[in-house]
Amino acid sequence: MVLDGNQPASVQAAAEALARGELLGLPTETVYGLAADADNDAAVAQIFAAKGRPSNHPLIVHVADSAAITRYAKEVPLFAQQLIDAFWPGPLTVILPRLAQAAVASTGGQDSVGLRCPAHPVAHAVLAACQRLAPPVWGVSAPSANKFGRVSPTTAQHVAAEFGDDLLVLDGGACAVGIESTIVDCTRGMPVLLRPGAITRADIERACGLRPLSKEELPAHTPRASGTLLAHYAPNAKVRLMDAKQLQSALDVLGPDARHIALYHRAPLTTASRHIVQRTMPGDALAAARELFGTLRDLDALGVKLIWIETPPGSPDWEGVYDRLQRAAAA
Ligand code: TXA
Ligand code: MG
């Protein structure tokens, strides 16, 4: 059932459903989440079951404000606090050392916990309502509300299509960011970028004065992040990344009879085939992120067999979009 997330009664009903151990489709500014009470292990187990996600892939715990950090994290290093101060509420997840009894199933028993305070007004209203319950729900675990390995949802309709009418979904409109939060591991004495997103490396360095390491620069990277598996965000169609020149040559070779192909590109391309679907990718990285997953879903829904995508620019602001496209292409 999809309810209007802007209605206070819907928000209250959603908070109470979470407190009863039920799942909720929750809008955030990045993507929609499949939410459950972070400290209810049975409810969290339902998330893993519904997604078909391995239970050793830890979930992000969403909190209403930075005061709730003390419910989940043992300590907050100075640079992590600086990142929180700079970017919360917003599309930043920090990995912190976990308090022993907190969010056990959500974290797959790892000694760290991922925390995020979302900026979306509906997400915030739900998390605040959860805190006001007796007893309070302090944290809400929410992975992206898609089946494991599939494209993340950016509208309430995407979530309903994926999980059916039994799931309560709050409609908070289309997500403004469109790709998942930037994840920074803060348990290693240095910021380590686990997943790129709208908050860039440069933003992180500006906020805390430390250049974030890439996970490849670490000696042994243990925590799993399914958003970091190579093949992820996969539509049904096969995705290929090519630069504009490669795309044009491929189109020239195919000629007028080519069909079942969709193009998602920025550079002007010409094709003799009337059957090829063309979509223009925005020239701005934030705009491209906003529509990326929705476009992949739309093209998939047309039944094309191939989605040919122009490789995005290599500049730092495109890192999040580039990352998602590479994973979609690896599937
Ligand atoms: O924008 C987002 O982050 C969205 C919205 C709903 O908030 N959520 C999201 O969740 O993308 P999910 O589960 O699809 O991705 C969470 C990522 C996973 O790759 C997970 O492994 C990683 O965060 N993660 C969570 N806790 C972690 C931990 N303690 N250590 C390392 N990675 C962690
Ligand atoms: Mg996901």
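From a predicted model like this one, the values you see are computed outputs, not experimental measurements. All ligand and atom numbering here is 1-based and tracks the order in the structure.
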**Request:** Scan side-chain atoms only and decide if S273 and T271 contain a donor-acceptor pair under the 3.5 Å cut-off.
**Result:** no
**Request:** Indicate whether any N or O donor in one side chain lies under 3.5 Å from an N or O acceptor in the other, for T200 and D203.
**Result:** yes
**Request:** For the residue pair E162 and Y32, establish whether any side-chain heavy-atom pair is separated by less than 4.5 Å.
**Result:** no
**Item:** Element-labelled atoms of ligand 1 that are located less than 4.0 Å from some non-hydrogen atom of L59
**Value:** 25 (C), 26 (N)
**Message:** For the residue pair K51 and F163, would you count it as a cation-pi contact if the rule is NZ or CZ under 6.0 angstrom from the ring centre and within 45 degrees of the ring axis?
**Reply:** no
**Asked** Side chains of T182 and R201: do they bring a donor and an acceptor to under 3.5 Å?
**Response** no
**Asked** Out of P58, A198, S144, who gets a non-hydrogen atom closest to atom 14 (O) of ligand 1?
**Response** S144
**Asked** Given that the side chain starts at C-beta and the backbone is N, CA, C, O, which of these parts of R116 lies under 4.0 Å from ligand 1, counting heavy atoms, or is it both or neither?
**Response** side chain
**Asked** Applying a 4.0 Å heavy-atom criterion (strictly less than), which segment of K215 is in contact with ligand 1: side chain, backbone, both, or neither?
**Response** neither
**Asked** If you measure only the distance, is there a donor-acceptor pair under 3.5 Å linking the side chains of T154 and R290?
**Response** no
**Side-chain donor-acceptor pair present, T93, S181, cut-off under 3.5 Å** = yes
**Asked** Can you tell me if S144 has an N, O or S atom under 2.8 Å away from the Mg ion (ligand 2)?
**Response** yes
**Item:** Residue G33 vicinity, atoms of ligand 1 by number, heavy atom under 4.0 Å
**Value:** 6 (C)
**Asked** When you check the side-chain N and O atoms of D317 and Y322, is any donor under 3.5 Å from an acceptor?
**Response** no
**Message:** Check contact between R195 and ligand 1, using heavy atoms of the residue and a distance below 4.0 angstrom.
**Reply:** yes
**Complete:** ligand 1 to S112, heavy atom cutoff 4.0 Å, flagged ligand atoms 28 (C), 29 (N), 30 (N)
**Request:** Using distance alone, decide if ligand 1 has a nitrogen or oxygen within less than 3.5 Å of any nitrogen or oxygen in Y32.
**Result:** no
**Message:** I want to know if ligand 1 touches H57 in the polar sense, i.e. an N/O pair below 3.5 angstrom.
**Reply:** no
**Item:** Under 4.0 Å to a heavy atom of A142 - the qualifying atoms of ligand 1, by number
**Value:** 6 (C), 8 (N), 10 (O)
**Asked** Hey, does S181 come in under 3.5 Å of ligand 1, counting only N/O atoms on both sides?
**Response** yes
**Request:** Provide the number and element of each atom of ligand 1 under 4.0 Å from a heavy atom of R53.
**Result:** 12 (P), 13 (O), 14 (O), 18 (C), 20 (C)
**Request:** Heavy-atom contacts with I183 under 4.0 Å: which atoms of ligand 1 show up? List them by number with element.
**Result:** 17 (C), 22 (C), 23 (O)
**Asked** Do any N/O atoms on T30 end up under 3.5 angstrom from N/O atoms on ligand 1?
**Response** yes
**Among L96, D111, L99, side-chain contact (heavy atoms from CB on, under 4.5 Å) partner for K74** = L99
**Asked** Which bit of T107 is near ligand 1, meaning a heavy atom under 4.0 Å away: side chain, backbone, both or neither?
**Response** neither
**Asked** Side chains of S144 and R150: donor-acceptor distance under 3.5 Å anywhere?
**Response** no
